[in-house]
Trainee: 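Dropping the structure in here first, questions after.
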4 protein chains.
Amino acid sequence: MAGSVNKVILVGNLGRDPEVRRLGSGEPVVSLRIATSESWKDKNSGERKEKTEWHSVVIFNENLAKVAENYLKKGSKVYLEGQLQTRKWQDQSGQEKYTTEIVLQRFRGELTILDSRGGAGVDQGDQQGADGQAREGDFGNVSPMQRRSAPALVGAGGSGSRYSQIDDDIPF
Amino acid sequence: MAGSVNKVILVGNLGRDPEVRRLGSGEPVVSLRIATSESWKDKNSGERKEKTEWHSVVIFNENLAKVAENYLKKGSKVYLEGQLQTRKWQDQSGQEKYTTEIVLQRFRGELTILDSRGGAGVDQGDQQGADGQAREGDFGNVSPMQRRSAPALVGAGGSGSRYSQIDDDIPF
Amino acid sequence: MAGSVNKVILVGNLGRDPEVRRLGSGEPVVSLRIATSESWKDKNSGERKEKTEWHSVVIFNENLAKVAENYLKKGSKVYLEGQLQTRKWQDQSGQEKYTTEIVLQRFRGELTILDSRGGAGVDQGDQQGADGQAREGDFGNVSPMQRRSAPALVGAGGSGSRYSQIDDDIPF
Amino acid sequence: MAGSVNKVILVGNLGRDPEVRRLGSGEPVVSLRIATSESWKDKNSGERKEKTEWHSVVIFNENLAKVAENYLKKGSKVYLEGQLQTRKWQDQSGQEKYTTEIVLQRFRGELTILDSRGGAGVDQGDQQGADGQAREGDFGNVSPMQRRSAPALVGAGGSGSRYSQIDDDIPF
DNA sequence: TTTT
DNA sequence: TTTT
């Protein structure tokens with residue numbers, strides 16, 4: 001439809017480490033499980049109550065997938081923008097199921113790490129500085145402090161060469 | 001969780017008339033089915049392609065539910081803000097199913113009608129003018145032009161009295 | 001600062017035709033003046049009141065600038081996303097002034113035309129279809145119905161060749 | 001104008017402590033100065049570059065003003081939503097000036113504290129729990145850990161009674 | 001399964 | 001004036 005907008009904005013924490021699968025090209029596609037929650041004081045009982053919502057996020061955006069793979073882990077707090085997408089699938093018994101996910105398509109979406117130490121903002125528009133000059137291959141300002149504690153584990157099947165390529169791209 | 005955000009922004013069109021059910025208190029809860037879509041030209045075939053995404057929206061916000069009930073219909077274009085919520089249910093055969101909806105909770109969310117004639121902005125914060133004076137009971141600027149063509153049908157089970165009460169509330 | 005977000009979302013109407021200036025490269029930079037407004041019923045006087053806010057928008061994003069140049073005009077309704085930027089300048093008398101604008105940087109921001117006839121969505125991520133295949137040069141789904149009424153006037157200083165180049169890019 | 005949206009979303013840090021002034025009613029109006037910034041690696045020089053943008057925020061929303069007054073301080077990181085508003089004023093020399101601010105009107109806007117320890121989410125819709133029950137007077141889930149280090153200084157001109165009233169409202 |  |  002002409003003239004439509006489909007946007008999700010989340011600020012929440014990863015419930016587990018990112019899951020990475022690779023396309024034929026070797027590019028990572030990263031899945032995240034993000035929790036958001038609300039809490040309030042029940043007016044009758046006076047108790048604190050809390051409700052957590054879990055969100056499934058899939059990152060096809062190449063640069064953001066690399067960042068997620070390399071700098072996020074269980075517990076990380078992020079800001080992200082994606083779009084809603086519902087897909088149909090069949091379970092083992094042939095039952096039809098629907099799953100709604102927040103998808104960051106290629107060249108789309110945003111991801112910003114919010115953890116206090118090593119937090120870093122990254123989004124797909126970061127190919128350009130405030131000076132208006134485009135900078136291809138530059139994908140943002142991820143701080144090394146944010147690096148996952150076990151970099152050797154970074155990237156399922158990831159090779160050192162891929163990782164150093166990221167070192168070239170990431171500006172630090 | 002402290003410090004989280006769960007927000008969906010949609011601009012799209014209703015695929016069918018709003019569905020209204022009533023709480024014990026008589027307040028409407030309105031369900032919408034909203035389409036958003038993207039189109040692009042396939043680089044290989046040169047064909048125009050389009051993909052439509054359908055979204056289920058549930059409006060508990062009392063004022064916005066009244067507006068949806070009375071001023072939206074199949075084809076209407078809206079801007080809306082709500083939050084993602086996934087609920088579990090069982091179909092007739094006892095199968096577990098999950099449905100993800102965009103929910104506008106009581107006192108939360110936004111809904112703005114974007115149709116060219118009679119479009120009108122309404123949101124829950126509209127209890128106050130630009131002058132900073134609170135105005136309870138005032139819920140926005142819905143134009144009569146936007147009224148559904150068959151007001152007699154407005155509101156499943158709705159009575160004339162309820163409708164005129166809305167007339168008191170809606171500022172026109 | 002690591003971990004920051006600076007985003008403006010507007011739905012409003014152009015108060016005048018887009019203003020286009022050209023960079024040395026010939027790329028258009030387009031300025032828009034957008035009105036948003038709120039209305040409410042004054043609780044004391046019972047009068048309808050309305051307050052309009054005017055926003056200055058500057059589009060450096062190349063594809064979106066072309067769309068704005070060619071498909072927007074006074075009165076057009078748009079959805080747009082950009083970022084806040086305040087710049088300092090001096091008036092003729094040497095007085096320091098500050099102007100805050102909503103900027104759509106290169107490769108960033110979104111612009112979607114919302115007018116009922118010929119409305120069309122365009123954003124910088126539209127280089128890729130729902131199939132996940134990137135499509136460079138494709139910048140969205142602008143409908144010919146949306147074309148400004150006087151295409152001969154399109155593009156200050158614009159040549160026919162540039163315009164037909166747009167015809168190649170725009171998918172219709 | 002019917003059908004418009006005027007929304008700003010910021011994630012950033014306070015450059016200084018909140019400034020509080022009081023309305024005749026004693027209600028606080030809080031001004032914040034928020035920094036957002038982007039950084040990138042210059043492709044030519046290879047240097048890290050950074051550009052910071054400063055935003056002026058004014059909070060009329062009563063509950064959010066109290067939270068800002070009591071729980072934010074220089075350096076705090078927040079997520080907030082408000083609307084753009086430009087006002088005209090005259091400096092001492094009679095010169096006309098314009099200032100653009102992000103305003104959180106009464107009953108509108110959102111504010112969520114993002115600091116890692118003691119971070120807390122608060123927004124004006126928090127008068128209701130996930131159970132859909134409205135809870136007046138409840139304005140969110142601010143953690144005591146987030147309290148400013150010198151609570152005695154909290155609230156310019158604030159009395160102990162006002163502060164304990166907040167203690168009643170804030171759910172901890 | 002996160003976070004506070 | 002913040003933050004990394």
Side-chain angles (χ1 to χ4, degrees), chain A residues 10-19 31-41 48-57 71-80 112-122 140-147 170-172, chain B residues 1-6 86, chain C residues 1-6 86, chain D residues 10-19 31-41 48-57 71-80 112-122 140-147 170-172:
Chain A
L10 297 180
V11 174
N13 296 72
L14 275 69
R16 46 169 123 100
D17 284 349
E19 288 172 15
S31 298
L32 306 177
R33 195 73 177 149
I34 304 273
T36 58
S37 79
E38 301 180 83
S39 73
W40 67 96
K41 188 162 70 176
R48 287 265 72 202
K49 297 207 169 180
E50 180 171 30
K51 189 178 174 226
T52 295
E53 192 69 38
W54 288 96
H55 309 271
S56 293
V57 175
Y71 302 100
L72 295 181
K73 59 175 189 234
K74 183 173 171 176
S76 297
K77 184 182 283 272
V78 294
Y79 170 98
L80 66 84
T112 300
I113 304 173
L114 294 177
D115 293 293
S116 55
R117 58 173 69 213
V122 174
N141 54 344
V142 178
S143 152
M145 290 184 285
Q146 186 57 30
R147 236 173 232 183
I170 298 183
F172 53 68
Chain B
M1 175 190 338
S4 67
V5 173
N6 173 0
T86 298
Chain C
M1 174 189 340
S4 68
V5 173
N6 173 359
T86 298
Chain D
L10 297 181
V11 174
N13 296 71
L14 276 69
R16 48 168 121 101
D17 283 349
E19 286 171 15
S31 298
L32 305 177
R33 194 77 177 146
I34 305 273
T36 58
S37 79
E38 300 180 84
S39 72
W40 67 95
K41 188 162 70 176
R48 287 266 72 203
K49 296 207 168 179
E50 180 170 29
K51 187 176 176 228
T52 296
E53 193 69 38
W54 286 96
H55 309 271
S56 293
V57 175
Y71 302 101
L72 295 181
K73 59 175 189 235
K74 182 175 171 174
S76 297
K77 183 182 282 271
V78 295
Y79 169 99
L80 67 83
T112 301
I113 305 173
L114 294 177
D115 292 293
S116 55
R117 57 173 69 214
V122 174
N141 54 345
V142 178
S143 152
M145 291 183 285
Q146 184 60 30
R147 235 173 234 180
I170 297 185
F172 53 69

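Sequence lines set the chain letters: A, B, ... in the order given, protein chains first and strands last, and positions in each chain run from 1.
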Trainee: Who pairs with C:T86 by side chain to side chain donor-acceptor pair (under 3.5 Å), at least two apart in sequence or on another chain?
Mentor: C:T100
Trainee: Give the nucleotide from the list F:dT3, E:dT1, F:dT1 with an atom nearest to the side chain of D:R16.
Mentor: F:dT1
Trainee: Rounding to an integer number of Å, can you tell me how far D:I34 CD1 sits from F:dT1 P?
Mentor: 16 Å
Trainee: Could you state the atom-to-atom distance from CG of A:L114 to P of E:dT4 in whole Å?
Mentor: 13 Å
Trainee: Has the side chain of B:S4 got a donor or acceptor atom sitting under 3.5 Å from an opposite partner on the base of E:dT3?
Mentor: no
Trainee: Are the side chains of B:N6 and A:L10 in contact, using a 4.5 Å heavy-atom criterion?
Mentor: yes
Trainee: Can you tell me the distance, in whole Å, between the CG atom of D:L32 and the P atom of F:dT1?
Mentor: 18 Å
Trainee: Take the protein atom CD of A:E53 and the nucleotide atom P of E:dT4, then report the distance between them rounded to whole Å.
Mentor: 19 Å
Trainee: Who pairs with A:S56 by side chain to side chain donor-acceptor pair (under 3.5 Å), at least two apart in sequence or on another chain?
Mentor: A:R33
Trainee: Taking atom C1' of F:dT3 as reference, at what distance in whole Å does atom CD of D:E38 sit?
Mentor: 14 Å
Trainee: Ignoring the backbone of D:W54, work out which of F:dT3, E:dT2, F:dT1 is nearest its side chain.
Mentor: F:dT1
Trainee: Rounded to the nearest angstrom, tell me the gap between atom NZ in A:K77 and atom P in E:dT3.
Mentor: 10 Å
Trainee: So, under a plain 3.5 Å distance rule, would you say the side chain of D:T52 forms a donor-acceptor pair with the base of F:dT2?
Mentor: yes
Trainee: Can you confirm whether D:Y71 sits close enough to D:I113 that some side-chain heavy atom of one is under 4.5 Å from a side-chain heavy atom of the other?
Mentor: yes
Trainee: Closest approach to the side chain of D:R33, judged atom by atom: which nucleotide of E:dT1, F:dT2, F:dT1 is it?
Mentor: F:dT1
Trainee: Check every atom of E:dT1, E:dT3, F:dT1 against the side chain of D:K74 and return the nucleotide holding the closest atom.
Mentor: F:dT1
Trainee: Heavy atoms from C-beta onward define the side chain here; which of E:dT2, E:dT3, F:dT2 lies closest to that of A:E50?
Mentor: E:dT3
Trainee: With A:L114 as reference, evaluate A:V78, A:V11, A:L80 under the side chain to side chain contact (heavy atoms under 4.5 Å, CB included) test and give the passing residue.
Mentor: A:V11
Trainee: In whole angstroms, how far is the C1' atom of E:dT2 from the NZ atom of A:K73?
Mentor: 14 Å
Trainee: In whole angstrom, give the distance that lies between atom OH of A:Y71 and atom C1' of F:dT4.
Mentor: 14 Å
